[in-house]
Each structure stands twice: as structure tokens, then as C-alpha cells.
Amino acid sequence: MAKPFSFKVLATDGRARRGIIDMPRGEIRTPAFMPVGTGGTVKTMYMDQVRGVGADIILGNTYHLMLRPGAERVARLGGLHEFARWPHPILTDSGGFQVMSLSKLRKLTEKGVTFRSHIDGAPYEMSPERSIEIQSLLDSDIQMQLDECTALPAELKEIERAMELSLRWAERCKTAFGDQPGKAMFGIVQGGDNAALRVRSAQALSAMGLKGYAVGGLAVGEPQAVMLEMLDITCPELPADKPRYLMGVGTPDDILKSVARGIDMFDCVMPTRAGRHGLAYTRRGKVNLRNARHADDPRPLDEESDCPAARDYSRAYLHHLVRSQEALGAMLLTWNNLSYYQKLMQDIRAAIETQTFEARGAEITEGWARGDI
Ligand SMILES: CCOC(=O)Nc1nc2cc3nc(NC)[nH]c3cc2c(=O)[nH]1
């Protein structure tokens, strides 16, 4: 019998929580950042490097994997962990968000989402049941309900319709998921930027007794203040003994401010996407290696980092690689960025354990403001 999914809060500091999720494939130290592995790969990284920077869990994307190479094919080949050689936990979002953003012709009905593949235009139908079936075929450890993520700004009645549809789909996903020991299905709170709808969504999902809860419908272009206000309203309505996952977030500053409001899990394409575009995250803020000012700079990105990409290569070399569009440029900057994000999470976890989160957060923020000397 696989050991069950469990979440323990080890320490708190204000509303910030230091916890641990225990699953058959390993432990997840929270607050946690999940590198995005859309097509079964964290772009430009070997999986042992992803583990090496300290990631406990990565994100896979149902929408992309079902289109290519296909969920049934991945299942025949032993599941996503075997396929991608990542033996630790994987969370798969069910791709509803991607369907909204990537696929042109998407139609939403009570039954599910119909859309055309962004690869070859072929028509697909994704029902809540099929979404869970795909995530189970991938052997995903944490599966997300199918939801409708409303783009903001939106009419109140539009936000309400999508929130209520998502609640009905949560029930169907819970039924379809059934009882998979050692695995979890998370619900997704919707409700846009409306407090009453957020509360209704969170309370209805909490009543379903799920193993974890995502806060969706945010980081879709709204100001940070609106996102944070929705967290102030939503988190208190979610069970304190279950993990809370803020989807698609975010910058280091977003993460600090969201941990302070009770969020335990994050995913964002920023560190990996920025790495492919010549942008480095450091404790002194962002460094754009495309900029000519780095052409003769012999200094590394961060001499104190334990990541070779940050410590062993000059900015001049990184600038050269980026300007020459050498693959190694994207590889080293992605490695640096994921290492920075995981170090940030490690600092956050230690600060909560020692009740110094607020002070540590201020120090980290000052470091960014000091700028890249
Ligand atoms: C359909 C369930 O699976 C999902 O992926 N749903 C979902 N995903 C999101 C991804 C997001 N990324 C961002 N910002 C970069 N915001 C997001 C919201 C959602 C969401 O509400 N719902």
C-alpha cells in the first residue's frame, strides 16, 4: 500500500507557513517553487541539474503532453517519471489555462472544453473526466481539476458563470479521480477580482474535502495589489492543514508577498523563460546579459553562489554567448535562474522556521534595490 499523501505545517511566522508534503515519490519542502517542465522537460536542463538546484517537484502540462507525444503513449512507456527520468513528485496542471491562452478556437460547454491543437489544428474535446484520465495516464502525483480561468478584466456575471462551472467540474474531477492512494487532486479557486465570488468558491471547494487547493484566475495581467488582495480574502477560507498553490506565480517579489499571505506552492515560467532570453536573476536584482555594458566585465554573476553558472563564468562570456545565440547561454542562465529561485525558497523556509521572515524578506528586497553593482 503506497504511503498516503500528507501535509504537515512545521512552523508559522504570521500567516507564512513552513511545511512538508510527504508523498510516495518523495517529500516536498514548502514554501516550494516548482520549475515548469511543460513538455516533460525543464527546457535546457538535465533532470539531475534540476534536482541539484534543490527542486523537490516539477510541473508538467497535460495540454502539451496529450497533444504530443500523447498520454496513452507516455503510459505505454511507463509514465512521465520514467519517460523524462524525473523520479520525484510531478504536478500536472490540466491545461485549461493553456487552452485559454494557446488555442485559438476554443469553445466551452457544460461538458468540457473543445479546442483546436496549436500544433496541427486538429479538434479536441477535454472534459473534466478526460483531464483526470490524462493526468492518471501520465502517472502524475498531484493532479489539477479542470477549471475555467477567466481573463481579467471581466464582467461580474462572466466571472460568476466561470466560477460556478469550475465548481461543478471540481465535483466531476473528484469523482473521476476516485481514490488513488499516495496521489492527490487539487481544486482550483476561481472568482476573478471579486471578493464575494472568491469566498464562495473557496468555501464550496473546502467542503469537498480535497487534499490541496490552488488559487487560480490570478497572474493573468491584474496589478500585484489586486492579486494580493484576493489572497487576503481567499486563504483564510481554505483549510489551514492543506497545501495552498498559487498558479503561475511569479516574480521573487510576488513570491515573498504571497508566502506572507499563506501560500505554500508556486510555479512560474519566468526563471526558465528569462534564462532563454538572456536575463539573469540574482540577489542584487535582474541582469540583462544582452546589454553591451557586460562585454568586458570579468566578474561572475554572483561569486558567493554555489551554482557553477553563477560563480564560474564571467559576465563577458555570458554576454558573448547570449549575443552569439549559443545554446550554452540559455543553459547557463536557466541554471543560474532556477538556482536563484530555489535559494530564495530555501531562505524563506529557514526564515519562517526561525520566526525572522519579515526581516529576512526586507533584506532580500533591499538586495534587489541595491541593484547590480
Ligand atoms: C484547468 C486546470 O489546470 C490548469 O492549469 N488551470 C489553471 N491554470 C492556471 C495557470 C495560470 N498561470 C497564470 N499566470 C502565469 N495564471 C494562471 C491561472 C490558472 C488557472 O486559473 N487555472
Side-chain angles (χ1 to χ4, degrees), residues 33-38 58-67 71 90-103 106 108 112-115 124-136 138 140 142-152 154 158-159 161-174 176-177 184-194 197-198 201-202 205 210 212-224 226-228 230-231 234 244-251 254-255 258 263 265-274:
F33 180 79
M34 302 182 280
V36 174
T38 295
I58 63 171
L59 188 126
N61 186 280
T62 316
Y63 170 76
H64 288 84
L65 289 165
M66 69 164 226
L67 292 182
I90 295 177
L91 180 148
T92 42
D93 63 13
S94 77
F97 182 71
Q98 273 66 26
V99 168
M100 176 185 94
S101 63
L102 280 185
S103 175
R106 76 162 183 78
L108 219 76
V113 194
T114 56
F115 57 92
Y124 285 86
E125 175 149 308
M126 172 103 87
S127 66
E129 294 77 13
R130 175 61 180 158
S131 168
I132 294 297
E133 181 185 33
I134 290 169
Q135 295 177 76
S136 300
L138 298 174
S140 168
I142 301 179
Q143 304 178 18
M144 301 309 295
Q145 72 153 95
L146 183 68
D147 66 340
E148 185 190 348
C149 169
T150 323
L152 290 179
E158 193 41 31
I159 299 174
R161 177 198 57 71
M163 183 276 280
E164 289 174 344
L165 174 66
S166 295
L167 285 179
R168 295 193 296 275
W169 283 0
E171 289 284 6
R172 288 169 56 185
C173 286
K174 182 183 177 187
F177 180 79
M185 194 214 70
F186 282 16
I188 304 179
V189 178
Q190 290 295 344
D193 54 0
N194 180 274
L197 294 179
R198 284 277 167 189
S201 179
L205 286 170
L210 303 174
Y213 297 89
V215 181
L218 295 174
V220 288
E222 79 285 356
Q224 186 194 59
V226 171
M227 180 180 84
L228 297 178
M230 288 304 113
L231 297 185
T234 306
R244 300 161 187 164
Y245 160 32
L246 179 54
M247 303 185 89
V249 175
T251 66
D254 290 335
I255 289 173
S258 301
I263 297 294
M265 298 165 74
F266 299 89
D267 89 274
C268 187
V269 295
M270 258 185 226
T272 39
R273 184 173 295 167

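This is a predicted model, so every value here is computed, not measured. No hydrogens, no waters, no symmetry mates; every other heavy atom, side chains included, goes into these values. As the structure lists them, so they are numbered: ligands from 1, and atoms in each ligand from 1.
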Between [X] and ligand 1, does any nitrogen or oxygen pair lie at a separation below 3.5 Å?
X	result
Leu218	yes
Ala219	yes
Met144	no

- Query: Counting only heavy atoms, which portion of Gln145 has something under 4.0 Å from ligand 1: side chain, backbone, both, or neither?
  - Reply: backbone
Of all heavy-atom pairs between [X] and [Y], which one has the smallest distance, and what is that distance?
X	Y	value
Val215	Leu218	CG1-CD1, 3.7 Å
Glu148	Ser166	N-OG, 2.9 Å
Gln143	Gln135	CA-OE1, 3.1 Å
Ser140	Thr92	OG-OG1, 2.6 Å

- Run the contact test for Glu148 against ligand 1 with a 4.0 Å cut-off on heavy atoms, strictly below, and give the result. no
- From atom 18 (C) of ligand 1, work out which of Gly248, Ala162, Gly217 has a heavy atom at the shortest distance. Gly217
- Which is closest to atom 6 (N) of ligand 1 by heavy-atom distance: Asp147, Asp93, Val113, Leu59? Asp147
- Message: Let me confirm one number: the CG-CD distance from Leu205 to Gln145, rounded to the nearest 0.5 Å.
- Response: 6.0 Å
- Task: Anything under 30° is parallel, anything over 60° is perpendicular, the rest tilted; go ahead and classify Phe115 against Tyr124.
- Result: parallel
- Message: At less than 4.0 angstrom from any non-hydrogen atom of Gly216, what atoms of ligand 1 do you find?
- Response: 20 (C), 21 (O)
- Item | Under 4.0 Å to a heavy atom of Ile188 - the qualifying atoms of ligand 1, by number | 2 (C), 6 (N)
- Mark yes when over 12 heavy atoms from residues, nucleotides or ligands other than Arg273 sit less than 6.0 Å from its CZ; otherwise mark no. no
